[in-house]
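Worksheet for the structure shown next.
Model, not experiment: these values are computed from the prediction. Labels below follow one simple rule: chain letters A, B, ... track the order of the sequence lines, proteins then strands, and each chain is numbered from 1. Just the heavy atoms: all of them, side chains too, but no hydrogens, waters or symmetry mates, feed the values below.
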There are 2 protein chains.
Amino acid sequence: MTSHIHCQNCSMAPLCLPYLLNPEQIEQLDSIIQRHRPLQKRDLVIHSDDPAKFLYAVRSGSLKSYTLDSQGGEQIIDFHLPGDLIGFDGLIDGNYRSYTQALETTMLCEIPIQSLDQLSTELPGLRRQLLRVVSSELYSSKTLLGNLNHHSAQQRLAQFFVTLSSRFQQRGLSSREFRLSMTRADIGNYLGLSVETISRLLTQLQRDGLLQVQNKLVAIHAPERLRALAV
Amino acid sequence: MTSHIHCQNCSMAPLCLPYLLNPEQIEQLDSIIQRHRPLQKRDLVIHSDDPAKFLYAVRSGSLKSYTLDSQGGEQIIDFHLPGDLIGFDGLIDGNYRSYTQALETTMLCEIPIQSLDQLSTELPGLRRQLLRVVSSELYSSKTLLGNLNHHSAQQRLAQFFVTLSSRFQQRGLSSREFRLSMTRADIGNYLGLSVETISRLLTQLQRDGLLQVQNKLVAIHAPERLRALAV
DNA sequence: CGTCGCGTTGAATCGCGTCAACTTCGGTGG
DNA sequence: CCACCGAAGTTGACGCGATTCAACGCGACG
């Protein structure tokens, strides 16, 4: 029995599709959305080349998206937190172009693309928010690209933590202490750095008193200094 | 007198907003679009933080988009060719977040965001194409990120030429010979490499017979070998 | 003719990747 | 609950690829 889960009472709504809608409209949106069975760690939600029937919204947990290079290696292109929408690459030609995998136990909302399209005819706010979210992702992606291109390993990692921290804050969670659901290898892959470099930088940041790391747990001690590093 | 310029007879239409529209609908779209005065090299079309009233479509010429880092340095995030749409980052909160500058004499179509939004209520095809274009950009941006992260300087540059070449081909131009409207410094900035590295790689690719470069002119001699390099 | 932006080339440096050894964590089964 | 084993993480030594610094060539333009 999961009928108590609705957009109407979802704390991620302000970050998600309901943002520009009034209560009545949110109800309309909610009526086309299915709650997905919980995903376990390593479960694949989206498989590249599959027909794209749904967008997904993260309700709880976290995921990574990746493509495969010519040797079959993962190229991580995104980490998803609650409130994030997943599956936009399926809108290009009707098939997904990447894989999305749960990093921990995760709950998703399943949004049928076709119903969403129909509903967006009636609800200008929905249409705008959809475009707003994709544009925003596009912008983040481009600036991230610029940042990675022009910065050292330390700056990249600092930037990664600063961004992650602010995303947690947006979601009403602590920006100072959080758990990394991804491995060091995932972070390295995402930032274009080797696992060893990530590990070395972490001990270095810790030695310099910027943060503390214990396994997956991160406590940021000097956010302003970290932000200064990130440039 | 530029009244002969319309979406109806624009060769870039299949790449642009009209893609999913029938002739009558294209006419509706055309009626909200203004032709922009020609831009000269170095003219700024979009200034970061300005209110975003328009999207722009490139009719001819080319441009670069960039943000500024904390020291005021350019971070190039995109090169735009005919048929491309510009200005999506203005949809996030109503203000542009980057700069866009002409690399040569350039003609733009000016699309009022508000009218576009209204028209997209009536035209599902317009709505879908808009979302399609942004999603597609998003996907390119993410995979580019993955590519740059995981590849050597040579692979990056090869990838750059392969992509550029295929974009020219999509636009009905030669995929074998084209003119680079951007400088070596621009390319290096975009790919996260120094000018010197770009220069060295170009002479090397030329020495290996993959392509020929004379100033801005590029002739690709062995597209398949270039593609193999890009991986 | 001189200047300035752009591009090329060489030499020296260094940041990060690679390889390798070792430790710790976490899950699974007895 | 503990023993075990593979996955994940850490640390050190070494090498290489790309940056940096510097000098120079070339064409455009006043």
Side-chain angles (χ1 to χ4, degrees), chain A residues 40-43 64 69 71 73-76 101-105 147-161 179-208 211-218 229 231, chain B residues 40-42 64 69 71 73-76 101 103-105 147-161 179-208 211-218 229 231:
Chain A
Q40 300 306 317
K41 191 172 176 172
R42 271 181 265 275
D43 283 353
K64 66 174 173 184
D69 64 24
Q71 288 94 45
E74 279 184 20
Q75 296 201 333
I76 299 179
Q101 185 182 45
L103 293 170
E104 59 190 314
T105 304
N147 282 329
L148 296 192
N149 265 344
H150 295 275
H151 294 98
S152 69
Q154 193 185 52
Q155 289 173 312
R156 294 188 201 194
L157 187 60
Q159 173 74 38
F160 177 75
F161 280 124
R179 204 185 133 271
L180 300 173
S181 56
M182 67 292 286
T183 66
R184 308 283 193 270
D186 286 337
I187 298 175
N189 185 308
Y190 180 63
L191 297 177
L193 301 169
S194 68
V195 200
E196 295 92 329
T197 299
I198 301 292
S199 184
R200 276 186 258 268
L201 287 172
L202 282 177
T203 56
Q204 188 189 324
L205 289 176
Q206 186 158 357
R207 201 171 46 239
D208 297 350
L211 48 76
Q212 199 173 349
V213 199
Q214 280 180 25
N215 302 324
K216 302 281 190 183
L217 251 44
V218 178
L229 265 192
V231 181
Chain B
Q40 299 307 315
K41 191 172 175 172
R42 270 180 263 276
K64 65 174 174 183
D69 64 25
Q71 288 95 44
E74 279 186 20
Q75 296 201 333
I76 300 179
Q101 187 183 43
L103 293 170
E104 58 190 317
T105 305
N147 281 330
L148 295 193
N149 265 344
H150 295 275
H151 293 98
S152 70
Q154 193 186 50
Q155 290 173 311
R156 294 187 201 194
L157 187 59
Q159 173 75 36
F160 177 74
F161 279 124
R179 203 186 134 272
L180 299 173
S181 56
M182 67 293 287
T183 66
R184 308 283 193 268
D186 286 338
I187 299 176
N189 186 308
Y190 181 63
L191 296 177
L193 300 169
S194 68
V195 200
E196 294 93 330
T197 300
I198 300 291
S199 184
R200 276 186 258 269
L201 288 173
L202 282 177
T203 56
Q204 188 188 323
L205 289 175
Q206 185 157 355
R207 199 172 49 238
D208 297 351
L211 47 75
Q212 199 174 347
V213 199
Q214 279 180 28
N215 302 323
K216 302 280 191 186
L217 250 43
V218 178
L229 265 192
V231 181

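The two residues I76(A) and Y190(A) come nearest to each other via the heavy atoms O-CD1, 3.6 Å. Counting all heavy atoms, side chain and backbone alike, L229(A) lies closest to A158(A) at CB-CB, 3.9 Å. Annotation for N189(B) and E74(B): closest pair ND2-O, 2.9 Å, computed over non-hydrogen atoms. M182(B) and K216(B) make their closest contact through O-NZ, 3.4 Å (heavy atoms, listed as atom of the first residue, atom of the second, distance). Of all heavy-atom pairs spanning L193(B) and A153(B), the tightest one is CD2-CB, 3.7 Å. Minimum heavy-atom separation, A102(A) to Q40(A): CB-O, 3.5 Å.
Rounded to an integer number of Å, the gap from L202(B) CG to dA18(D) P is 14 Å. Atom C1' of nucleotide dA18(D) and atom CZ of R156(B) are separated by 10 Å, given to the nearest angstrom. Atom pair L180(A):CG and dG26(C):P shows a separation of 13 Å (rounding to whole Å applied). Rounded to whole Å, the distance from CZ on R207(B) to P on dT8(C) is 13 Å. Taking atom CG of L157(B) as the reference point, atom C1' of dA18(D) lies 14 Å away to the nearest angstrom. Counting to the nearest Å, the P atom of dA18(D) and the CG atom of L201(B) are 7 Å from each other. Distance Q214(B) CD to dG7(C) P: 14 Å, rounded to the nearest Å. Rounded to an integer number of Å, the gap from CG of L148(A) to C1' of dG15(C) is 16 Å.
Side-chain contact between L217(B) and Q212(B) is absent, with no heavy atoms from C-beta onward closer than 4.5 Å.
Side-chain atoms of R184(B) do not come within 3.5 Å of backbone N or O of V195(B) as any donor-acceptor pair.
Comparing dT8(C), dT19(D), dC6(C) by their nearest atom to the side chain of T203(B) picks out dT8(C). Closest to the T197(B) side chain, of the nucleotides dT19(D), dG17(C), dC6(C), is dT19(D).
L211(A) contributes atom CG, which lies 8.0 Å from atom CG of L157(A) (distance to the nearest 0.5 angstrom).
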What string of B, S and - do you get for nucleotides 23-30 of chain D 5' to 3' if you count protein non-hydrogen atoms under 4.0 Å? --------

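Residue-to-nucleotide contacts include a donor-acceptor pair under 3.5 Å from the side chain of R200(A) to the base of dT18(C).
OP1 and OP2 of dC25(C) both lie 4.0 Å or more from every side-chain N or O belonging to K216(A).
Contacts with DNA chain D (heavy atom under 4.0 Å) in residues 183-196 of chain A: T183(A), R184(A), A185(A), E196(A), listed by number.
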